[in-house]
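Reviewing the structure listed below.
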Amino acid sequence: GAGVSQSPSNKVTEKGKDVELRCDPISGHTALYWYRQSLGQGLEFLIYFQGNSAPDKSGLPSDRFSAERTGGSVSTLTIQRTQQEDSAVYLCASSLEPGLGNTIYFGEGSWLTVV
Amino acid sequence: GNSVTQMEGPVTLSEEAFLTINCTYTATGYPSLFWYVQYPGEGLQLLLKATKADDKGSNKGFEATYRKETTSFHLEKGSVQVSDSAVYFCALINESWGKLQFGAGTQVVVTP
């Protein structure tokens with residue numbers, strides 16, 4: 001597709017359930033990022049994938065959060081045993097390659113509400 | 001570590017007014033600097049960027065100049081429109097692998 005595609009666009013889940021959020025980056029982009037946007041917290045970096053390198057997981061808030069990227073393309077962010085504080089917009093982004101001048105393109109996000 | 005500080009909002013102004021959103025940063029080395037915009041109900045979009053000192057990024061009538069001596073990247077527009085109402089994020093990348101560090105965002109409301 002022309003841009004970064006994320007699904008679902010909206011998800012309401014019960015506390016304690018697991019959720020999976022999907023990201024399809026721009027074709028040919030080797031770098032993929034997950035960010036979280038929540039009220040009062042701004043934009044938080046979660047995890048970064050680059051090619052076949054080990055991902056940078058330094059932003060994941062707890063071990064309930066994990067992500068994988070299959071075949072260097074599609075990525076899935078999984079949140080286990082969801083809590084109300086996980087409610088946020090989860091943003092995926094991609095760039096052609098890492099580098100100081102390369103533009104990072106964002107998807108429209110997956111709105112997660114934990115009730 | 002790296003950090004980005006931008007002025008708190010909301011900033012409310014009338015159509016055709018001059019807009020400035022201040023952004024300062026802390027970083028080692030020579031980061032690249034960005035302004036992203038988020039219109040109501042939409043995702044983040046790159047507005048403009050500058051990759052080295054004294055560079056000026058510009059787009060849609062917005063401008064920002066990379067000032068290393070003051071570690072700033074203030075966003076300006078000479079005459080705002082209602083359609084410029086959005087949240088504006090200043091950001092930097094300071095490492096070769098490209099993790100964006102964002103400021104808190106500034107909401108701008110333009111009234112007719």
Side-chain angles (χ1 to χ4, degrees), chain A residues 1-7 9-10 21 23-26 29-60 88-111, chain B residues 1-10 21 23 25 27-53 55-59 66 68 73 86-107:
Chain A
V4 177
S5 178
Q6 293 188 244
S7 62
S9 54
N10 284 284
L21 307 175
C23 172
D24 201 343
I26 294 172
H29 281 197
T30 63
L32 187 147
Y33 315 78
W34 283 97
Y35 284 80
R36 179 169 71 173
Q37 185 176 22
S38 51
L39 285 175
Q41 297 296 322
L43 283 153
E44 303 173 77
F45 165 77
L46 297 177
I47 188 169
Y48 161 73
F49 295 89
Q50 170 52 33
N52 295 321
S53 302
D56 178 339
K57 305 179 183 180
S58 60
L60 293 178
V89 180
Y90 290 83
L91 297 170
C92 180
S94 70
S95 67
L96 189 58
E97 58 185 35
L100 292 176
N102 283 303
T103 299
I104 297 176
Y105 297 89
F106 284 81
E108 295 199 355
S110 291
W111 289 74
Chain B
N2 306 319
S3 67
V4 178
T5 303
Q6 58 183 109
M7 59 190 291
E8 291 186 17
I21 304 175
C23 172
Y25 67 89
T28 56
Y30 303 93
S32 291
L33 303 173
F34 304 80
W35 277 100
Y36 278 81
V37 59
Q38 188 173 37
Y39 298 103
E42 297 185 15
L44 277 169
Q45 303 173 25
L46 177 68
L47 182 59
L48 52 83
K49 68 179 183 182
T51 58
K52 60 183 187 294
D55 269 1
K56 178 186 285 187
S58 61
N59 186 25
Y66 187 165
K68 187 162 178 63
F73 193 53
V87 181
Y88 293 82
F89 292 91
C90 187
L92 68 82
I93 295 176
N94 196 31
E95 293 156 16
S96 61
W97 56 261
K99 170 183 155 184
L100 270 172
Q101 180 85 32
F102 286 94
T106 302
Q107 183 179 11

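Since this is a predicted model, take the numbers as computed values, not measurements. Values below: every heavy atom of this structure, side chains too, minus hydrogens, waters and symmetry copies. In what follows, chains carry the letters A, B, and so on, assigned in the order in which the sequence lines appear, proteins first and then strands, with residues in each chain numbered from 1.
Gln37(A) and Phe89(B) get closest at one heavy-atom pair: NE2-CZ, 3.5 Å. Nearest approach of Ile104(A) to Tyr36(B), heavy atoms of both residues: O-OH, 2.7 Å.
Taking 4.5 Å as the heavy-atom cut-off, the residues of residues 37-44 of chain B that approach chain A are Gln38(B), Gly43(B), Leu44(B), ordered by number.
Annotation for Tyr105(A): atom OH does not count as buried by contact number, only 12 or fewer foreign heavy atoms lying within 6.0 Å. Other residues, nucleotides and ligands place more than 12 heavy atoms under 6.0 Å from the NZ atom of Lys68(B).
Of the two parts of Gln6(A), neither the backbone nor the side chain holds a non-hydrogen atom closer than 4.5 Å to a non-hydrogen atom of chain B.
When side chains are defined from C-beta on, Tyr35(A) counts as touching Phe102(B), because their heavy atoms get closer than 4.5 Å.
Annotation: ring pair (Phe, Tyr, Trp, His ring centres under 6.0 Å) contacts of Tyr90(A) (sequence neighbours excluded): none.
Note: Phe45(A) CZ to Gln101(B) CD = 10.0 Å, rounded to the nearest 0.5 Å. Considering CG of Leu100(B) and CZ of Phe106(A), their distance stands at 5.5 Å, rounded to 0.5 Å. Separating the NZ atom in Lys49(B) from the OG1 atom in Thr103(A) is a distance of 3.0 Å, to the nearest 0.5 Å.
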